Each structure stands twice: as structure tokens, then as C-alpha cells.
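Here is the structure we will look at, set down as C-alpha cells.
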There are 2 protein chains.
Amino acid sequence: MNLLLENIAKHVSLTKEEQERVLSLVTLEHFKSKKILLQEGDICTHSFFVIKGILRSYTIDENGVEHVVSFACPGWWIADMYSYLSQRPGQLYIEVNEDADVVLLSKENQEKLYKEVPKLERFFRILIENSLVANQQRLIDNMSFTAEARYDKFTKKYKDLIHCLPQKQIASYIGVTPEFFSKMKARLLKKQS
Amino acid sequence: MNLLLENIAKHVSLTKEEQERVLSLVTLEHFKSKKILLQEGDICTHSFFVIKGILRSYTIDENGVEHVVSFACPGWWIADMYSYLSQRPGQLYIEVNEDADVVLLSKENQEKLYKEVPKLERFFRILIENSLVANQQRLIDNMSFTAEARYDKFTKKYKDLIHCLPQKQIASYIGVTPEFFSKMKARLLKKQS
DNA sequence: TTTATTTCTTAATCCAGATTAAGCAGTTCT
DNA sequence: AGAACTGCTTAATCTGGATTAAGAAATAAA
């Protein structure tokens, strides 16, 4: 649970009382691998902060193909932002990739926090800013680079994560089929030697 | 200039004095078509709010190919968010598509506004939230849909804009070459009849 | 342990979209 | 008016990556 307070402390400093207030408005839960925390059509009532384990968000398109939107490991937030912000049914799935301890913050309680601890408005703004920048970069990368270059970027950015993920999920994240990804990887191995 | 205050009023309500303070910290400028407001390597010191005309942001990749990131018409903000937030050199170009009246807000003055009119922290958070959601949707669309479906979405979303844009820019935005875009459009015309 | 189920790989074939190239119309500049 | 750009189109060819299919390896279930 300290991880959450440390995370906040990186961007704004709270008094002991404010910290207590934050903790009183969130809950900690444990989820087993493969548990689905959110489905297409659901309204995203909570955002999730990962303490331990890994979560993953994805969409399923009209052909039944899964597209990974993001991974969240300890210290990261994850939610269907469209649904969470608008409180309308969303299109994202959020699933547990590896047994996880997760902090839940409800939309209601977040609004409460904004009022009671206005500093947190700043904190969440910064989170969203970072998320926007990362997202925009990924969009540009997808338009500018080949699958190979995208994979290269991914390995550098998520060095630790990479060994914990089934490679079909990595393939999906960088935007290729598992078959092509497998071929590409084999090609890269040959190149190196 | 009213457009700016209306834009703010949609999300937070300011007193007359607060409005005055906002206006005192921004400047209005006119730019001619093709004027480049920001280049790769520049630090983005201002964000731009379009009163009249159209701006466009894009990157140029290592092969010299341009990728349109966004269009901004009246009532929209535009900036290189990575560079603006981090005050580091960015990769985006921002160019005038059509003679434009633009409100400039410097990073400094924005910080000043956050302190003097904390309500604006909320306003800008909401802006960024919306921008994040739109961006994420575009990422999902790019992964899930064919060029044709993406074009279809684009025409619906930017009905008015579409007639003001050279189609090579539309092609770039949806992520195809102008040649392919031209072919696709011809194909669509045949289909309809 | 055996059986299912899922994941990964390899290979053949296919296709959306890129590349190259050329011609044409409209603008802008002398 | 002519020259020089820039934008759009068409067509031929090419390729990154998809699709289909089938087998091997690894996990999970019974």
C-alpha cells in the first residue's frame, strides 16, 4: 500500500492526514490470474493501481481479434479511461495477467478526493499528461516504424516485463499476428549471429 | 477572443476578474498559411488555441515521410505535448494550414494561472483527459480497422474540415500513402453507384 | 498419467497497401 | 504568357505482414 503513497509523493506532497484520507477512500484486493476485472459494455466504475502482479487491457474487434492496449505492472494505473471519465459503457477488457494485488479507487471517491484534497487534482492531471504523451508517442511509432523497429522499441522500454508476457500478447501490442511475430523473431536471431 | 472564454466556460465557471486575468496572460496573433510555428528540435514554449483558420501538427520520419498527428480548427488547442510538458526538444512540427488567428499561452503563464486560478487546473485536466481518450481511440482504430473503415470514421468525425484539407494530409492522418488513398477513394465511388 | 487446451513455430499462399513512374491539372512565380 | 512547383490520378510492380493450415511444445485439467 506504501507503493501508492510513494507514487503520489513523486508528484505532490501530502500531509499525514491527507495520506490517511486517501487510504480511507481506496480498497485493496487480490485477484487471481485470468480474472476479468472489466468487460466490453461495462461501465468502468473504478481505476486500478497495481501493487503486485500484472494487469492488461485490450479490445476485441469485430473479427474476434484481441488488441492489447496496455500492460500495468506494480506502480502503474490502469482503467478504461473513456468509460471511467464518461461513465458510459466502454469497449475495453481489463484482465489479470499474473496474480495481482490491486488498489481500487472508485470514480465517486476520486471526485471526493478532488474536493477534499485539491492537490490531488494536480497529481491526476500529471498522470494523465504522462499517459497522453506515451500514447501519442505510440501512435507516431505505429505510423512511422516497421514491426521490427516497434519490437525493438518495446524490448528496450519494457525490458523486465518482456519475460513475463506470452509473446502473442507482445505481438498484439506491437500490432502484428503471433505468426508473423514468431517469424520476425527467428529472423532477428539469425541476423545477430 | 470570446471563443477562448466560452471554451473555458464549458468546463469551469470563472468570475469576471478571473476571466480578465486569463486574458491578460495570453496573446493573440495572426499567422499566414504555411507559416511554421514549431519545428522538430524546438522546445514548445507555447500552446496554441485556434480562433480562426486551421493548424496542423505532424512528424517527419527518417525517410522524410510526413505523418499528420492532428488538425486544430477554431475552438481547439494544439501543441507538442511532450515538449510542452517536459520543456525538452520535441519531434513535432506545427504548421498553419489556413490563415489563422491564434491565442498563445506560454508554459510560464500557464503555471501562473494554475497558482492564481486553481479552477483552471481542473479545466486543463479535462482538456487533457479528452485528448487522451481521443488519442487512445485512434490507436485502437488503427490497430482494428482497415484503411477504408478508418477513412469512413474520419469523414464522419471531421465532416466540415474535410473540404478544407488537401487529401494527401487526410491520407497521412489515416495512415496511408496519397497514391493508395486516391485509389481507395475511386473504389468507394464505384461502390456507391 | 493421460487428455485437453493453449502457445509457439514453420511454411505455403494471399492481399492490403507501398513503391515507382508517368501524365495531368491547377497554382504560383517570373 | 511561359516556367516551375505542388497536388491528384492511374497503372504496374513489389513487399510487409495476414491468412490458413498443421505439427510440436508447453500448461493446465481430469
Side-chain angles (χ1 to χ4, degrees), chain A residues 32-36 54 56 58 60-68 71 93 95-99 141-155 161-191, chain B residues 32-36 54 56 58 60-68 71 93 95-99 141-155 161-191:
Chain A
K32 288 223 167 298
S33 178
K34 298 202 179 162
K35 166 84 180 174
I36 291 184
I54 302 176
R56 161 179 125 261
Y58 59 93
I60 296 181
D61 71 20
E62 43 197 2
N63 302 313
V65 179
E66 184 180 315
H67 301 279
V68 173
F71 298 104
Y93 293 76
E95 186 176 329
V96 179
N97 242 21
E98 258 184 26
D99 290 17
D141 289 352
N142 282 349
M143 295 197 293
S144 312
F145 297 153
T146 64
E148 210 159 302
R150 260 139 52 208
Y151 175 52
D152 200 55
K153 271 211 152 194
F154 184 85
T155 54
L161 239 190
I162 229 158
H163 310 287
C164 317
L165 299 176
Q167 60 183 43
K168 55 180 286 199
Q169 287 178 13
I170 302 176
S172 171
Y173 184 95
I174 69 172
V176 296
T177 58
E179 293 86 353
F180 180 77
F181 184 72
S182 181
K183 187 163 81 175
M184 190 177 79
K185 250 188 38 182
R187 198 166 56 207
L188 284 175
L189 274 178
K190 264 188 202 160
K191 256 192 210 170
Chain B
K32 288 222 168 298
S33 179
K34 297 195 178 167
K35 167 85 181 174
I36 291 184
I54 303 177
R56 163 178 124 261
Y58 60 93
I60 296 181
D61 71 19
E62 44 197 2
N63 302 314
V65 179
E66 184 179 316
H67 302 279
V68 173
F71 299 106
Y93 293 75
E95 185 175 329
V96 178
N97 242 21
E98 257 183 27
D99 289 18
D141 290 352
N142 282 350
M143 294 198 293
S144 311
F145 297 154
T146 64
E148 211 161 297
R150 260 140 50 208
Y151 176 51
D152 200 56
K153 271 210 151 193
F154 185 86
T155 53
L161 239 190
I162 230 159
H163 310 286
C164 316
L165 299 175
Q167 60 183 44
K168 55 181 286 196
Q169 287 179 13
I170 302 177
S172 170
Y173 184 94
I174 69 171
V176 296
T177 59
E179 292 86 353
F180 181 76
F181 184 75
S182 181
K183 189 162 79 176
M184 190 178 78
K185 251 189 35 182
R187 198 166 56 206
L188 285 175
L189 273 179
K190 265 187 201 159
K191 258 192 207 169

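In what follows, chains are A, B, ... by sequence order, proteins preceding strands, each numbered from 1. Bear in mind that the values here come from a model prediction, so they are computed numbers and not experimental data.
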(Q) Counting primed atoms plus P, OP1 and OP2 as sugar-phosphate and everything else as base, spell out the protein contacts along nucleotides 10-30 of chain D at 4.0 Å heavy-atom distance: B, S or - for each nucleotide, 5' to 3'. (A) B------BBBBB---------
Q | Residues forming a ring-ring contact (aromatic ring centres under 6.0 Å, His included) with B/Tyr58, sequence neighbours excluded | A | B/Tyr93
(Q) Does any part of the side chain of B/Ile170, heavy atoms only, come nearer than 4.5 Å to the side chain of B/Lys185, both counted from C-beta? (A) no
Q: Starting at NZ of A/Lys168, measure out to OG1 of A/Thr177 and round the result to the nearest 0.5 Å.
A: 12.0 Å
Q.
Testing the basics here: between A/Arg187 and A/Glu148, what is the closest heavy-atom pair and its distance to 0.1 Å?
A. NH2-OE1, 3.1 Å
Q: Name the orientation class of the two ring planes belonging to B/Tyr151 and B/Phe181 (parallel below 30°, tilted from 30 to 60°, perpendicular beyond 60°).
A: perpendicular
Q.
Counting only heavy atoms and a strict 4.0 angstrom limit, can you tell me which residues of residues 164-173 of chain A come near DNA chain C?
A. A/Pro166, A/Gln167, A/Lys168
(Q) Within this structure, what is the CD-CZ distance for the pair B/Glu98 and B/Arg56, rounded to the nearest 0.5 Å? (A) 12.0 Å
(Q) Measuring from atom OG of A/Ser172 to atom CD of A/Glu66, what distance do you get when rounded to the nearest 0.5 angstrom? (A) 5.5 Å
